[in-house]
*Asks:* 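Next up is a structure, given as structure tokens.
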Amino acid sequence: MLHTISKPATTAILHQPHLRKANNRKLLLVLLIVACVLLVATIVAGIFLSESAMQTNFSQKNLGPSLSHPFGTDWMGRDMFTRCIAGLSTSILVGLLAAATSALLAFLLAAVAALGPKKADVFITWLIDLLMGIPHIILLILISFAIGRGFWGITIGVAITHWPNLTRVIRAEILQCREAPFVACARRLGQSPLNIARKHMFPHVLPQFITGLILLFPHAILHEAALTFLGFGLPPEQPAIGIILSEAMGYLSAGMWWLAVFPGLALIIVVLLFDLLGSNLRKLIDPYRCQE
Amino acid sequence: MLRYTLQQLLKFFLLLFAVSVVAFVLVSVSPIDPVQANVGQTAWLNMSEAKRAQLSEYWGANTPVWQRFINWLGAVVQGDLGISLRYNAPVASIIAQRFATSAVLMTLAWTFSGVIGFVLGIVAALHKDRLLDRCVKAYCFVLASTPTFWLALVFLIVFSVLLGWFPLGFSQPVGVSSSEITLFDTIHHAILPALTLSVIGVANIALHTREKCIDILQSEYLRFARSRGESIVSQIRHHCLRNIALPAITLQLASISEIFGGSVLVEQVFSYPGLGQAAVTAGLGGDVALLVAIAILSAALVFAGNLIANLLYGVIDPRIRRSGFTSFSDSVKQGGANASHDI
């Protein structure tokens with residue numbers, strides 16, 4: 001819509017690219033806000049709907065998608081749309097908690113590895129290699145075995161398995177930053193290490209950190225759903241996409257395709273939204289890339 | 001070369017040791033009561049307190065973790081991985097049998113996803129910013145956010161339930177004696193799970209190959225080749241392929257970890273009796289010996305993938321081979337010097 005407004009070619013051609021860039025940025029901002037609102041709305045709606053998501057109505061069981069039940073109903077007559085929203089809400093909450101914890105952990109470990117003693121660096125790098133050497137799902141199964149299932153079990157499990165990648169990125173960033181001329185200059189000018197970290201390094205690493213944090217959500221949510229699907233995550237009485245899909249497995253051969261297709265699609269949309277948020281936010285907060 | 005091999009072997013055993021320590025510690029802090037898990041819920045409830053204590057003594061539930069670990073390690077070194085609780089058989093034999101089934105699946109998926117992703121990446125790069133490129137990018141973007149197990153369910157609905165082309169699950173037809181099972185049956189059962197894994201695995205490698213290929217298509221040597229009048233096929237074959245093969249191979253060998261993880265989910269959906277399904281059964285059923293063994297095996301597979309990638313560099317890239325050779329000859333000289341000192 002916005003770029004259809006074009007000025008006559010005779011006037012101010014030189015200004016046109018500027019205008020379009022500004023519009024792109026604004027468009028992006030609007031897009032990001034819409035994505036955020038959608039996600040928050042899902043969480044809030046899910047919390048309010050969790051009661052009615054469990055409501056059974058045996059006179060309306062096994063119905064295909066229709067106007068009154070857009071996602072159909074299951075074998076107990078529960079409305080699949082309500083169940084999906086409630087499930088997504090739980091998934092997003094677990095994802096948010098786990099990703100935030102994981103990112104904080106990554107930040108702390110990266111800072112210790114890059115700025116601390118050499119031994120700490122060796123140990124943390126080794127730990128990263130070790131954790132990345134075991135397939136995620138196997139590690140998550142082991143951790144779920146160790147600390148039990150349920151909401152907290154899975155949140156902690158996802159949180160302590162997802163930091164290695166981000167730690168690597170931030171560690172490299174801090175190391176690079178430490179050698180940068182402006183940091184050396186600040187050091188020569190007699191700034192205290194704390195000041196250098198706060199004023200010169202932190203703003204430099206922040207965009208990487210925030211993008212990394214948001215891009216952790218998709219992984220966290222997908223792993224939560226996968227683990228719940230396998231039976232290691234949330235308990236069956238809690239609404240969750242993984243539970244819905246694993247229950248749907250038994251009804252697939254009866255041709256009830258809507259039990260599996262719609263919840264999965266809804267999950268994909270949420271994950272895509274987070275992906276979109278993360279990869280575009282970078283353009284807004286990173287001064288180097290904000291002109292793209 | 002000898003030094004490199006020894007170094008890698010040492011690294012390998014250290015990794016396996018570390019993984020087994022981590023797995024052991026995780027398993028030992030578990031809130032699951034080993035005696036209850038071993039005898040089952042009903043038997044445990046009907047048991048007297050003395051009997052429970054006797055059993056926990058028998059299974060060594062009261063011995064400290066490090067002592068149990070040493071006992072276990074001693075047995076493993078002698079080739080005894082313990083007895084699986086759920087399958088009631090030696091862990092080693094279960095793993096061997098399950099691994100054979102899973103290997104079929106993972107090899108198929110790994111090869112398909114690698115080849116298709118690589119070709120898609122090149123095709124997209126050649127059509128940069130045009131419809132085909134945008135389709136490939138959109139496909140990869142969506143696929144990267146798709147849960148593997150959901151895709152498996154959708155494939156199951158479409159190809160098995162609605163179309164009836166493929167069986168609903170398992171690795172072999174049900175109710176047929178093993179001597180009558182043909183190679184066709186095995187492949188027929190593996191196609192759908194392997195397809196699911198490949199479709200998901202394509203995304204990563206296609207996007208990376210595309211990026212790399214676009215870089216090379218903009219290089220000066222390729223412009224020169226184009227101005228000489230070389231055909232597209234010749235450009236790709238003689239100038240592009242070697243350069244993009246290296247990152248693609250690295251990536252594909254590093255993706256073994258993801259394929260293994262994906263196979264856990266896919267095997268669960270298709271009731272495919274492989275390692276992944278065994279891992280889930282072991283995890284849910286408190287089968288500690290099997291779980292730890294699978295974790296170690298998966299780590300060994302991932303390590304092997306990375307090692308092969310390192311070795312292949314030299315085969316593909318003559319520059320690395322040459323520099324590798326100088327360091328190799330240096331190390332030989334140093335080794336020789338050390339040896340003469342020792343004498």
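Residue numbering restarts at 1 for every chain, and letters A, B, ... go by the order of the sequence lines.
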*Asks:* Around atom CZ of A:Phe123, are there more than 12 heavy atoms from other residues, nucleotides or ligands closer than 6.0 Å?
*Replies:*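 Open.
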*Asks:* With the threshold set at 4.0 Å, does a side-chain nitrogen-carboxylate oxygen contact exist between A:Arg83 and A:Glu247?
*Replies:*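 The answer is yes: the pair qualifies as a salt bridge.
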*Asks:* Roughly how far, to the nearest 0.5 Å, is CG of A:Asp121 from CG of A:Leu109?
*Replies:* 11.0 Å
*Asks:* Between the main-chain N or O of A:Ala159 and the side-chain N or O of A:Ser102, is there a donor-acceptor pair closer than 3.5 Å?
*Replies:* yes
*Asks:* Can you establish whether the number of heavy atoms outside A:His136 located under 6.0 Å from its atom NE2 is more than 12?
*Replies:*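 Yes, because the 6.0 Å sphere around NE2 of A:His136 holds more than 12 heavy atoms from other groups.
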*Asks:* Which label fits B:Phe149 and A:Phe229: parallel for a plane angle under 30°, tilted from 30 to 60°, or perpendicular past 60°?
*Replies:* parallel
*Asks:* Between A:Ile141, A:Ile134, A:Leu245, which residue shows the highest count of heavy-atom pairs closer than 4.5 Å to chain B?
*Replies:*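 Top option by heavy-atom pairs under 4.5 Å: A:Leu245.
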*Asks:* Give the intermediate values and the outcome of side chain to side chain donor-acceptor pair (under 3.5 Å) for residues B:Gln277 and B:Thr281.
*Replies:* CA-CA 6 Å; B:Gln277 205 200 24; B:Thr281 315; 5.4 Å; no
*Asks:* Show, in sequence, the C-alpha distance, side-chain angles and deciding distance for B:Phe17 and B:Phe69, and conclude whether the ring pair (Phe, Tyr, Trp, His ring centres under 6.0 Å) test is met.
*Replies:* CA-CA 11 Å; B:Phe17 182 74; B:Phe69 181 69; 5.8 Å; yes
*Asks:* May I ask you to decide if B:Ile259's main-chain N or O and B:Trp110's side chain share a donor-acceptor pair within less than 3.5 Å?
*Replies:*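 Pair absent, no side-chain N/O of B:Trp110 close to backbone of B:Ile259.
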*Asks:* Contact part of B:Ile157 toward chain A, heavy-atom cut-off under 4.5 Å: side chain, backbone, both or neither?
*Replies:*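 For B:Ile157, the contact with chain A is made by the side chain alone.
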*Asks:* Go through A:Gly242, A:Ala226, A:Pro218 and name the one with the most non-hydrogen pairs under 4.5 angstrom from chain B.
*Replies:* A:Ala226
*Asks:* Identify the residues of residues 195-204 of chain B whose heavy atoms come closer than 4.5 Å to a heavy atom of chain A, ordered by number, or report 'none'.
*Replies:*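 The residues closer than 4.5 Å to chain A amount to none at all.
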*Asks:* For the candidates A:Ile143, A:Leu265, A:Leu131, which exhibits the highest count of non-hydrogen atom pairs separated by less than 4.5 Å from chain B?
*Replies:* A:Leu265
*Asks:* Inspect the contact between B:Arg210 and B:Asp215 and indicate whether a charged nitrogen and a carboxylate oxygen are less than 4.0 angstrom apart.
*Replies:* no
*Asks:* Check each atom of A:Leu267 against the heavy atoms of chain B and say whether the ones under 4.5 Å are side chain, backbone, both or neither.
*Replies:* side chain
*Asks:* Select one option (side chain, backbone, both, neither) describing which atoms of A:Leu142 are under 4.5 Å from chain B's heavy atoms.
*Replies:*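 Contact with chain B: backbone and side chain both.
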*Asks:* Which answer fits B:Ala254, side chain, backbone, both or neither, if we ask what part of it has an atom under 4.5 Å from a heavy atom of chain A?
*Replies:*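 Interface part for B:Ala254: neither.
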*Asks:* Pick one of side chain, backbone, both or neither for B:Leu291, based on which atoms fall under 4.5 Å of a heavy atom in chain A.
*Replies:* side chain
*Asks:* May I have the step-by-step check of side chain to side chain contact (heavy atoms under 4.5 Å, CB included) for B:Leu275 and B:Phe260, ending in yes or no?
*Replies:* CA-CA 9 Å; B:Leu275 269 184; B:Phe260 195 96; 4.0 Å; yes
*Asks:* Determine the option with the most heavy-atom pairs under 4.5 angstrom with chain B, choosing from A:Gly231, A:Ala225, A:Ser144, A:Pro263.
*Replies:* A:Ala225
*Asks:* Under 4.5 Å, counting heavy-atom pairs only, tell me which of B:Leu265, B:Val25, B:Val264 racks up the most with chain A.
*Replies:* B:Leu265
*Asks:* Where does B:Val288 contact chain A at under 4.5 Å (heavy atoms): side chain, backbone, both or neither?
*Replies:* side chain
*Asks:* With a 4.5 angstrom heavy-atom cut-off, which part of B:Val22 approaches chain A: side chain, backbone, both or neither?
*Replies:* side chain
*Asks:* By a 4.5 Å heavy-atom criterion (distance strictly below it), what part of A:Leu140 contacts chain B: side chain, backbone, both, or neither?
*Replies:* neither
*Asks:* Does B:Phe99 offer a backbone N or O that forms a donor-acceptor pair with the side chain of B:Ser102 under 3.5 Å?
*Replies:* no
